Amino acid sequence: MSAPSNPRLDRYTPVDHAKVDFTGGFWESWSETVRKVTVPTQHQRLDEEGFLEVLNFHLPPAPLVRPIQPSGLSMQHFFDSDFGKWIEAASYTLKAHPNPELEAKIDEIVEQLAKGQLADGYLNSWFIRREPEKRWTNLRDLHEMYSMGHLLEGAVAYFEATGKRRFLEVMSRAVDHIIDTFGAEPGKLRGYDAHEEIEIALIKLHRITGDQRHLDLATFFVNERGQQPAYYDEEARRRGKDPRDYIFKDYSYSQAHMPVREQTQVVGHAVRAMYLFSAMADVAAETGDLSLFAACDRLFDNLTGRQLYVTGGLGPAHANEGFTREYDLPNVTAYAETCAAVALAFWGHRMAQIELDGRFTDHVELVLFNGALSGISRDGEHYFYENVLESHGDNRRWKWHYCPCCPTNIARLIASLGSYFYTTKPDELAVHLYGANTAEAVLGDTVVKLSQETRYPWDGDIRLGISPATPKRFALRLRVPGWCGEAKLSVNGAFVPLEVTKGYATIEREWRAGDEVRIGFAMPVERLYANPEVTEDAGRVALKRGPVVYCLEEVDNGFVPQRLRLAPGAAIETAFDPDLLGGAVTLSGGAVKAGDAGWGGALYRNAPSTLEPTRFTAIPYHLWANRQAGGMLVWLLEA
Ligand SMILES: [Zn+2]
């Protein structure tokens, strides 16, 4: 182990999720569902769907579960990534809730991987069992390092949860092999995986080992991306192929069309982009390279200013699972993959560790309550891959998917969610998210016990308890959400004027055991309108309250919500419905709807429909498609 030689940025350190205990309320319910239902049922699915069969290295390969596609890729090429992500999610739950039975399941997978690993450290079930001669010949299409990256993230999480080193050692040997194979040194390949992921995993490994080589390899992959001559061109020619035959035409699909520091528009496959930018933020944090942070900062503005759904979903198109032109945000056909929204949380969280700015954490919160959470059902075992903003009733959640990348991704996010709440420096404590919890942070050498009592997100009042073990002066930085127009703050009952800088209010004082901060965020129902460039949303309005975006479902309204017209000034009432899918605030009010009167059987006529008075009920978007099938709409027509 060697100390890093590069200067690290003075960044914030997250309080570990195992030190944050949800105590009732919104996130306790979801994290318990993930621990008790999602993690065990996902193992069942992986087993019964043949994903774990690939670990039988001693047997001849079983028939393919997923056929080869025109690109040459089978979804089965990256089955390793799915159980890697499952191990990561399971490990997060293990850290605070030991479970020998679950550990035994992970140990079994680890032993199979260890047995299958080649003498030189190479580890990928597809290539070892099926096409050993083809390893490292097609980084453009075949996800080799992506799969290893997810195994490595799983290994890091499992080590941190249990202290067991076996999986970490197996994956460290795999990384040694990658270091021997790739790099700028003569004789090595100057390649990088087209699906980013290994970079993030290498930084996590580096943070455990302190091994400079792990950081250097991640940095090499980030820096090499998009350099000329294009690696994927040369690689294709070595395979005897014409690079111009590439199915996605150009390398913007993989953010490899130009060097990363020159990129100003978020392009290509959405999950890949989010993983790359997360890695760039990580490398910036570890090396002090602010040019990478500056590129990320520009790209974050481009994404959130021109290419993000109101729900935090991203990547509108099915064809490239990603971005098209700016402001292209169709609702019925929105791709908005769950994984992409999950990964936006990864990226925003990392950005806020480098620069405390509510722009980043507002979007982490946005996806948590909307575009990422919509990817999992309330029962914790059904999923969406695509998160549309309008449905005619044909979008149903599935138990498992042809390409099941999303279930384990949303599981690992929720299972580690505690680590998104607080970050620290020796004399600062930043509070990013609100929700009932108790936590323990360490500032310098002082342990600070924290508690939040709140019904957030259903109500904006938070009682934050702060109890350092000994009196300590530090700056408490409280996120004041960008959606909040009116906030109140008091310390031990005394009103404190609110001054907000980059989305955070600061209270610097000597804190003592038993101190109490009260924060109140007004949560009126907001009407949101889209920029006129977003032609899909012209004449439409979305409803949002606090961090929660709402939608209308046919099941609550008795008619397809596309018929509704909401008057601009119409009063909207809020009420907590304890019986709605675990309890949620619903919105309701008066509106009009296009009626059937006088139409007979006509398809067209020369007079518009009569508008009939009606009432409507809207529910949180993340809860949709948990009851009977029917229409759904986020962007309502205005009368
Ligand atoms: Zn996915």
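Worth saying up front: this structure is predicted, and the values here are computed from it rather than measured. Atoms within each ligand, like the ligands themselves, are counted from 1 in listed order. Each residue takes its place number in the sequence, starting with 1.
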> For the Zn ion (ligand 1), does an N/O/S atom of C405 lie at less than 2.8 Å?
Replying inline: yes
>> Tell me whether D282 is salt-bridged to K204, with the criterion being a basic N under 4.0 Å from an acidic carboxylate O.
In response: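 No, this pair does not count.
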> Do N302 and Q307 have a side chain donor and acceptor closer than 3.5 Å?
Replying inline: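 Present: a donor and an acceptor within the cut-off.
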> Using 30° and 60° as the class limits, which term best fits the ring planes of W398 and Y385: parallel, tilted or perpendicular?
Replying inline: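 Taking Y385 first and then W398, their aromatic rings sit tilted (interplane angle of 30° to 60°).
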> With the Zn ion (ligand 1) at the center, what angle do SG from C406 and SG from C339 span, rounded to 10 degrees?
Replying inline: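 Taking the Zn ion (ligand 1) as the apex, the two atoms subtend 110°.
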> Any chance the rings of Y253 and F323 have centres within less than 6.0 Å?
Replying inline: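 No: the rings miss the under 6.0 Å criterion.
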> Looking at E337, which of its N, O or S atoms is the nearest one to the Zn ion (ligand 1)?
Replying inline: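 Minimum-distance N/O/S atom of E337 relative to the Zn ion (ligand 1) is OE2.
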